[in-house]
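For reference, the structure discussed in these notes is given below.
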Amino acid sequence: MVLAHSDNPAPPRGAAAATLSWRGHWRASILLGIPIIGSHVAQILTHVTDAVMLGWYSVAAFAALTLAAQIFFVIFLVGSGFAFAVMPLVATAHGAGDRRQVRRLVRMGCWIVIGFAALMVAPLWFLEPILLAAGQNPEHAALAQEYMRIAVWGLFPGLLIMVLKSWFGALERAGVVLAATLVAAAANVFFNWVLIFGNLGFPELGVRGAAIASVLTVTVDLIFLTAWAVFHRDFRDMQILKNPLSADWPVFGEVFRLGWPISLQLMAESGLFAASTIMVGWTGTTNLVAHGIVLQISSISFMVPMGISAVASIRVGNALGRRDDTGLLRASWVVVIWGLLMAFLTIVVFVAMPEPLVKLFMDPDEPQRTAVIAAGVSLMMLAAGFQIMDAMQVVALGLLRGIKDTAVPMALAFLGYWVLALPIAYILAFPIGYGAEGVWAGLVIGLSFASATMLWRYVRMMPRALTHT
């Protein structure tokens, strides 16, 4: 496949990767995947740090963070869809040796996410009336808005980071991203300790301190990645930030066309979890806190298949750029098997030690601690139940993005999450009376449907991708 704007002829079919064995594909995928997974885990740990520290600060603060963070995460992921689109496009252009196209893709990806962030400031600013209309506790809604009016400014650097991560990842240099994310995660711990609790002479700011810490953290991360991209000898010649105000509308359209279905698919899944948080909020503070804790734990485990999904997009995209049929097939099988193995490992951890994991988020002197832990352990069992489905659907999405197929997966996501999962979750939780456990059972059903249909879609589409390379 030859990209528009390419100044280089496509290499012959099968070139460069025809001799790469199964063992070679495993080695290449793991070497690429470990720093990507590490960077994802480190990034989510910055959010988990907020949750743990606010959980020890007060139950009300944690409940507010659960509501605000879920809504912020939905918006962030929707914007990240355009950044994720940059990854397979850059991987294909890089595989074809078209450096100029790589630079254009990154620049237009940055334009799109900045515009998206600007559009989201106003709706996120007025979060309290939205939560009150959704039937949430007034104290939680007020604290959530207080958090969001600061955290919203982190959307701009956060989304620019996602574009740079896609670029580094597509060049198979994810170690840079891991280093930056570890620095940011360490900084976040310090900022939270100082600003939430009022250490080192700073005022005690509670949820506002957590929000300020988050904004400072993503700013540190962006500065680190930008400096590395501009000044490091391995990337300096690429001039990735050359002519930042120069428009390239055909490339803008290419990124947007591939990105908006990814964004809507991510909105469908993350929106499902946000809606589940709203429903659990109707059942009381104890269940909401337990739900928030299990979501935080599940988010950490989800970063592993999410990283493998990025590997899938990169490896498949590179194979397309090289016109390498055998490499595409082998890369696909490797990430699917890897995703399954990691999902089984996560299930073992969730089933073997649910109570110690939940306890990490609670102050030993908290009066509601026993009730929250009991509810959290129950939800951990349900979370273990969807690990395989969740891993397979996100890996399948990565494979589909690698072959530039995003529109149908978006439709499948909406069907599974909003037509199937959400109504079932509501029925099980309220008319039938299972409460928070019913909500999570609905999530399991929706993710199972998404996993099966998206894997089926990839099996159907892979022969066409091979034919058109």
Side-chain angles (χ1 to χ4, degrees), residues 30-50 72-73 76-77 79-87 90-91 94 102-103 105-107 109-110 112-114 117 151 153-195 210-242 244 299-300 302-304 306-311 313-314 398:
I30 290 173
L31 287 176
L32 174 62
I34 287 175
I36 291 178
I37 292 169
S39 68
H40 283 318
V41 171
Q43 182 177 19
I44 200 66
L45 284 177
T46 62
H47 302 288
V48 173
T49 299
D50 293 349
F72 182 89
F73 195 55
F76 180 79
L77 279 182
S80 296
F82 299 105
F84 290 146
V86 169
M87 183 177 288
V90 168
H94 180 61
V102 169
R103 187 163 55 242
L105 289 164
V106 172
R107 183 168 68 244
C110 289
I112 292 173
V113 298
I114 289 172
W153 302 110
L155 196 58
F156 292 90
L159 290 176
L160 289 172
I161 287 168
M162 297 305 293
V163 175
L164 290 177
K165 281 186 173 184
S166 289
W167 173 60
F168 280 117
L171 299 181
E172 302 195 20
R173 297 296 301 273
V176 178
V177 177
L178 175 58
T181 311
L182 288 173
V183 169
N188 189 61
V189 173
F190 174 75
F191 292 146
N192 272 318
W193 178 73
V194 169
L195 298 173
I212 295 170
S214 295
V215 175
L216 291 174
T217 297
V218 292
T219 302
V220 168
D221 199 351
L222 179 61
I223 292 170
F224 188 105
L225 287 175
T226 303
W228 203 299
V230 172
F231 299 113
H232 195 278
R233 63 181 181 274
D234 292 345
F235 305 102
R236 190 185 304 127
D237 291 344
M238 296 185 181
Q239 297 180 299
I240 199 65
L241 298 183
K242 181 180 179 181
S299 295
I300 298 173
F302 181 69
M303 292 301 105
V304 177
M306 189 173 180
I308 296 172
S309 177
V311 173
S313 295
I314 295 165

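We number each residue from 1, following the sequence as shown.
Rounding to the nearest 0.5 angstrom, the gap separating the CD1 atom in Ile212 from the OG1 atom in Thr217 is 11.5 Å. Going from atom CH2 of Trp228 over to atom CZ of Arg233 covers 9.5 Å, rounded to the nearest 0.5 Å. We find the CG-CG distance between Leu77 and Leu159 to be 9.5 Å, quoted to the nearest 0.5 Å. The distance from atom CZ of Phe191 to atom CG of Leu216, rounded to the nearest 0.5 Å, is 5.0 Å. Note that CD1 of Ile161 is 8.0 Å distant from OG1 of Thr181, once rounded to the nearest 0.5 Å. The CZ atom of Phe73 sits 6.0 Å away from atom OG of Ser299, with the distance rounded to the nearest 0.5 Å.
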Stepwise side-chain contact (heavy atoms from CB on, under 4.5 Å) check, Val102 with Trp167:
CA-CA 8 Å; Val102 169; Trp167 173 60; 3.6 Å; yes
CA sep, side-chain torsions, deciding dist, call: His232, Val176, side-chain contact (heavy atoms from CB on, under 4.5 Å)
CA-CA 11 Å; His232 195 278; Val176 178; over 6 Å; no
Kindly indicate, with the supporting measurements, whether the criterion side-chain contact (heavy atoms from CB on, under 4.5 Å) is fulfilled by Ile37 and Ile308.
CA-CA 7 Å; Ile37 292 169; Ile308 296 172; 3.9 Å; yes
May I have the step-by-step check of side-chain contact (heavy atoms from CB on, under 4.5 Å) for Leu160 and Leu225, ending in yes or no?
CA-CA 10 Å; Leu160 289 172; Leu225 287 175; over 6 Å; no
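Scanning all heavy atoms of the two residues, the minimum distance from Val90 to Ala170 falls at CG1-CB, 3.5 Å. Minimum interatomic distance between Ile314 and Gly169 (heavy atoms only, all atoms of both residues): CD1-O, 3.0 Å. What you find for Met87 and Ala310 is that their closest heavy atoms are SD-O, 3.7 Å. Of all heavy-atom pairs between Ala151 and Phe72, the closest is O-CE1, 3.5 Å. The two residues Ala83 and Ser166 have their closest heavy-atom pair at O-OG, 2.7 Å. The minimum heavy-atom distance between Pro157 and Val218, with the atom names listed, is CG-CG2, 3.6 Å.
A donor-acceptor pair under 3.5 Å is absent between the side-chain atoms of Arg103 and the main chain of Ile240, judged by distance alone. Side-chain atoms of Asn192 come within 3.5 Å of backbone N or O of Asn188 as a donor-acceptor pair.
When the shell of 6.0 Å around CZ of Phe224 is examined, it contains more than 12 heavy atoms from other residues, nucleotides or ligands.
Side-chain contact between Leu222 and Leu164 is present, with at least one heavy-atom pair separated by less than 4.5 Å.
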